[in-house]
Amino acid sequence: MFRIMAEFVESFETMSQVGTAVTVFGSARVQPDNPYYQMAQKLANELAQHGLALITGGGPGIMEAANRGAAEAKAKSVGLNIELPFEQKGNPYANVPLNFHYFFSRKVCFVKYSIGFVFMPGGFGTLDEFYEVITLVQTNRIPRYPLILMGHSYWDGLVRFMKNNLVKEGYIKSDDLDLVTITDDPHEATSIILDYLRRVGPPEVKPKILG
């Protein structure tokens, strides 16, 4: 219990100083020569040039790419690293590093301090984060932040599955899929997030995650 409390206290104190931020999720296994790595780096750099901080899971792959793009633009580049027995080691581009033992306290920080979410291709962890965030938006636990899926070739199949199964069987409403945007263009993703900020503005009080 005390370890959980300590994680929340330390992370909240640090993250409260970060400012308006966007979270980028994605695979830890992607190499720098992968087009998605380069896409994430470009996207993060463009967001950072507009004064936004970048938050990732702090590890290698896509997370490294996004932290790298933000750091190259001299922006705050947050890495919320998780202790795992394999793969996950902090990348050198996160200039605001935090370490977590528990997934759930780490997830709170992703959502509590972000006004937009970008999902690059990834594995179980990325899909878990995608469904977690879209559920929070769908159930009005957090505002209708931009949820952007980067990469048609990766995400189109999942969206078809949701249309052909979840919508068809009545498990979700058809307009629930309007909560996400799929694109291959980092500039379009940036524009969607900036448009949200222009319309709504940065939150004066960070939204709480309820229930």
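When reading the values below, keep in mind they use all heavy atoms of this one structure, side chains included, and skip hydrogens, waters and symmetry mates.
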Of the non-hydrogen atoms in [X] and [Y], which two are nearest, and what is the gap between them?
X    : Y    : result
S153 : Y36  : OG-OH, 2.9 Å
K107 : D128 : NZ-OD2, 2.5 Å
F100 : L98  : CE1-CB, 3.9 Å
I148 : T183 : CG2-CG2, 3.9 Å
Y154 : G123 : OH-N, 4.5 Å
S114 : Y145 : O-CE1, 3.5 Å

Before giving the answer on side chain to side chain contact (heavy atoms under 4.5 Å, CB included), spell out for V118 and I193 the whole-Å C-alpha distance, their side-chain angles and the decisive distance to 0.1 Å. CA-CA 10 Å; V118 178; I193 292 168; 4.1 Å; yes
[X] side, atom [atom1]; [Y] side, atom [atom2] - distance, nearest 0.5 Å:
X    : Y    : atom1 : atom2 : value
E132 : F25  : CD    : CZ    : 9.0 Å
I192 : H187 : CD1   : NE2   : 10.5 Å
I182 : L147 : CD1   : CG    : 12.0 Å
N34  : M39  : CG    : CE    : 9.0 Å
E129 : T23  : CD    : OG1   : 9.0 Å
L80  : M15  : CG    : CE    : 5.0 Å

Which pairs would a plain distance check flag for residues 53-79, meaning a side-chain donor or acceptor within less than 3.5 Å of a matching protein atom at least two apart in sequence or in another chain?
{"residue": "T56", "atom": "OG1", "partner": "G58", "partner atom": "N", "Å": "2.8"}
{"residue": "T56", "atom": "OG1", "partner": "N67", "partner atom": "OD1", "Å": "2.7"}
{"residue": "E64", "atom": "OE2", "partner": "Y37", "partner atom": "OH", "Å": "2.6"}
{"residue": "N67", "atom": "OD1", "partner": "N91", "partner atom": "ND2", "Å": "3.0"}
{"residue": "N67", "atom": "ND2", "partner": "S77", "partner atom": "OG", "Å": "2.9"}
{"residue": "N67", "atom": "ND2", "partner": "V78", "partner atom": "O", "Å": "3.1"}
{"residue": "R68", "atom": "NE", "partner": "E72", "partner atom": "OE2", "Å": "3.3"}
{"residue": "R68", "atom": "NH1", "partner": "Y37", "partner atom": "OH", "Å": "3.2"}
{"residue": "E72", "atom": "OE1", "partner": "Q41", "partner atom": "NE2", "Å": "3.1"}
{"residue": "E72", "atom": "OE2", "partner": "Q41", "partner atom": "NE2", "Å": "3.4"}
{"residue": "K76", "atom": "NZ", "partner": "Q17", "partner atom": "O", "Å": "2.5"}
{"residue": "S77", "atom": "OG", "partner": "N67", "partner atom": "O", "Å": "2.9"}
{"residue": "S77", "atom": "OG", "partner": "Y93", "partner atom": "O", "Å": "3.1"}

Does atom CD (E10) have a neighbourhood of more than 12 heavy atoms from anything else shown, all under 6.0 Å? no
Linking I/L/V/M/F/W/Y whenever any side-chain heavy atoms sit under 4.5 Å apart, do Y171 and L158 land together? yes
Would a hydrophobic clustering, with Ile, Leu, Val, Met, Phe, Trp and Tyr connected at side-chain separations under 4.5 Å, put F104 with I134? yes
Minimum side-chain heavy-atom gap L52-L197 below 4.5 Å: yes
Can you find a heavy atom in the side chain of R144 that is under 4.5 Å from one in the side chain of D178? yes
Taken in chain and number order and not counting sequence neighbours, the residues that satisfy ring-ring contact (aromatic ring centres under 6.0 Å, His included) with F130 are F119, W155
When you compare the side chains of [X] and [Y], does any donor N or O come within less than 3.5 Å of an acceptor on the partner?
X    : Y    : value
N165 : E169 : no
T14  : Y113 : no
H101 : E7   : no

Output all residues satisfying salt bridge (charged side-chain N to carboxylate O under 4.0 Å, His left out) with R160, sequence neighbours left out; order by chain, then residue number. none
